[in-house]
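Reviewing the structure listed below.
The shown structure was predicted, so the numbers you read here are calculated from the model rather than taken from an experiment.
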Amino acid sequence: MDSNTVIWIVIAVVAAIVVIALVAFVARSARNKRRHAKAEELRQEIGQKTEHVEKREAVATETEAKARAAQAEAEVKAAEAARLQDTARTHRESANTSREELDAHRERADALDPKRNDVQGPKGDVGGPQGTEARKMQTEAPTTKQQRR
């Protein structure tokens with residue numbers, strides 16, 4: 001082999017290595033550009049999804065605040081209801097006590113009244129509607145006993 005041929009083979013091999021290196025560099029550069037573009041797309045999607053997630057978090061926080069407010073209002077209303085029930089119970093007990101005292105006084109008055117006789121019912125009869133009706137009738141139309149007096 002002649003030295004010129006060896007030099008041309010070496011030059012061809014070096015040229016082939018340079019071309020392969022250049023193709024590899026260009027391919028890697030293109031691959032990196034594609035990866036960079038893909039990463040930018042993903043970052044944009046992440047940005048959009050982050051906004052959506054932040055909005056949902058804000059809605060969740062607002063809803064939690066409303067729930068706490070409603071719970072506090074319910075507790076206030078429950079306390080008010082309990083207070084009103086207690087007041088009503090106190091009034092009911094007082095009214096019942098007063099009713100019992102009035103009934104006792106009425107019975108005492110009936111027992112003391114010498115004009116109350118058996119026509120009006122037995123002494124101490126506080127009667128229902130018939131007793132009330134009978135008393136009204138007696139005041140409006142005197143009985144034969146009362147007419148003779």
Measuring from atom [atom1] of [X] to atom [atom2] of [Y], what distance do you get when rounded to the nearest 0.5 angstrom?
X	Y	atom1	atom2	answer
Glu57	Glu64	CD	CD	10.5 Å
His105	Ser98	NE2	OG	9.5 Å
Thr63	Arg68	OG1	CZ	10.5 Å
Asp103	Asp110	CG	CG	10.5 Å

Considering only NZ, NE, NH1 and NH2 on the basic side and carboxylate oxygens on the acidic side, decide whether [X] and [Y] come within less than 4.0 Å.
X	Y	result
Lys66	Glu62	yes
Arg89	Asp86	yes
Lys77	Glu80	no

Any chain of hydrophobic side-chain contacts (each under 4.5 Å) joining [X] to [Y]?
X	Y	result
Val6	Val14	yes
Ile9	Ile17	yes
Val18	Val10	yes

TODO: Would you check if Thr50 and Val53 make a side-chain contact, meaning some heavy-atom pair closer than 4.5 Å?
DONE: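 With C-beta onward as the side chain, the pair stays apart.
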
Open item on the list: Name the residue from Arg34, Arg28, His36 that meets the side-chain contact (heavy atoms from CB on, under 4.5 Å) definition with Asn32.
Closed with: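 Per the side-chain contact (heavy atoms from CB on, under 4.5 Å) rule, the option paired with Asn32 is Arg28, out of Arg34, Arg28, His36.
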
TODO: Check for a donor-acceptor pair, side chain of Ser94 on one end and backbone N or O of Thr90 on the other, with a separation under 3.5 Å.
DONE: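 No, Ser94 side chain to Thr90 backbone: no donor-acceptor pair under 3.5 Å.
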
